[in-house]
Number of protein chains: 2
Amino acid sequence: MLIGKLAAETGIHIETIRYYERVGLLASPPRTRGRHRVYDEHHSQRLTFIRRSRELGFSLDDIRTLLDLSDRKQDCAARKVTLRHLDDVRGKIASLKRLEKALENMTEACTPGDQKSCPIFDALSGRG
Amino acid sequence: MLIGKLAAETGIHIETIRYYERVGLLASPPRTRGRHRVYDEHHSQRLTFIRRSRELGFSLDDIRTLLDLSDRKQDCAARKVTLRHLDDVRGKIASLKRLEKALENMTEACTPGDQKSCPIFDALSGRG
DNA sequence: CCTACAATCTGTAGCCACTACAGATGCAAG
DNA sequence: CTTGCATCTGTAGTGGCTACAGATTGTAGG
């Protein structure tokens, strides 16, 4: 199958597929005489693995590791990678929640008709 | 004051200060004969505003807007920008929470000693 | 006044994970 | 043989910095 079909099948843009090949995530497929890439089911499965991993927020580096671990059936190591990523995600949630609180406080303090200084600008100026 | 002192005062790296100038966030300060930048209290306040806004997750584009609104004392408009950003943050939290759940499910399903297929690899392959 | 050394200067390239072109080909149907 | 879409390569752009290299400026000590 050609790259367009692979893209349609996996939901990954053509340019992104070529990008994954360039950075070594997806093996270079054989070519036609006219240098068009020819993929098979194996490539499609790999690409689906990559897409699912990306959807779960793994970095391309992590995915490289996961693909390798999957080939070598090292599921314990994969669990570690996943737990580390989960930690990361939780950290991001926590820091976004702090942002959310701060932003809520700012907007709640800012009531229309208030003639004095604006609490939003005060907060941003470091006075809040 | 020179750029090093401004950096120390505001907690923003020298390169970042120059970057902000380059992208039009911070006005070009006057220079010494030898082209060294000379800042005053006004620059320092602006930079603090920028730093606080960055800490709250505003994009540089948003910050440009907020700085302008602050100059023109348009606090209602600033409130809108802030609410929009708050929405953004909440959206990110929601999607990270979905990730968190999915990752939790994967790692919980993966118990050591399980001899069959690995639920992590299954999930990533699109079978989960 | 001279030297040493720190601070600053400009310009460029790199990071991540793509995305968006331009301009040149390949390939299949009519 | 032409039309027209698909694919090719290569490069540049995104955001928000960061990290250099190599040149210059400023300043304190001798």
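In what follows, every chain begins at residue 1, and chains take the letters A, B, ... in the order their sequences are listed. Computation of the quantities below employed the complete heavy-atom set of this structure, encompassing side-chain atoms and omitting hydrogens, waters and symmetry-equivalent molecules.
- Contact check on B:Arg22 versus B:Glu15 returns no salt bridge, with no Lys/Arg side-chain nitrogen under 4.0 Å from an Asp/Glu carboxylate oxygen.
- Applying the 4.0 Å criterion to OP1 and OP2 of C:dT25, one finds that A:Arg35 has every side-chain N and O outside that range.
- Contact annotation: A:Arg31 side-chain N/O to D:dT9 OP1/OP2 distance is under 4.0 Å.
- Contact check, B:Tyr20 against D:dG16: no side-chain N or O comes under 4.0 Å of OP1 or OP2.
- In this structure, A:Glu15 places its CD atom 13 Å from P of C:dA22, rounding to the nearest Å.
- Note on B:Thr32: every side-chain N or O is 4.0 Å or more away from OP1 and OP2 of D:dT25.
- The separation between B:Leu2 atom CG and D:dT27 atom P is 7 Å, rounded to whole Å.
- Remark: A:Asp68 engages A:Arg72 in a salt bridge, criterion side-chain N to carboxylate O under 4.0 Å.
- Side-chain N/O atoms of A:Arg37 include one lying less than 4.0 angstrom from OP1 or OP2 on D:dC8.
- Of the candidates C:dA7, D:dC17, C:dC18, the closest approach to any side-chain atom of A:Tyr19 belongs to C:dC18.
- Of the listed nucleotides (D:dG16, C:dT8, D:dT9), C:dT8 has the atom at the smallest distance from the side chain of B:Ile3.
- Counting non-hydrogen atoms under 4.0 angstrom, A:Arg18 reaches a base of the nucleic acid.
- Across all strands shown, A:Phe58 has no heavy atoms under 4.0 Å from either base or sugar-phosphate atoms.
- A salt bridge links B:Arg46 with B:Asp71: the closest approach of a Lys/Arg side-chain nitrogen to an acidic carboxylate oxygen falls below 4.0 angstrom.
- Taking CG from B:Leu124 and CG from A:Leu56, the interatomic distance works out to 6.5 Å, rounded to the nearest 0.5 Å.
- The side chain of B:Arg22 approaches D:dC17 more closely than any other nucleotide in the set C:dA17, D:dC17, D:dT7.
- Listed pair B:His36 / D:dG26 fails the phosphate criterion, with no side-chain N or O lying under 4.0 Å from OP1 or OP2.
- A sub-4.0 Å separation between OP1 or OP2 of C:dC16 and a side-chain N or O of A:Ser59 is absent.
- Atom OH in A:Tyr39 sits roughly 11 Å away from atom C1' in D:dT7 (whole-Å rounding).
- Side chain of B:Asp40 to main chain of B:His43: a donor-acceptor pair is present (N/O by atom type, distance under 3.5 Å, no hydrogens or angles).
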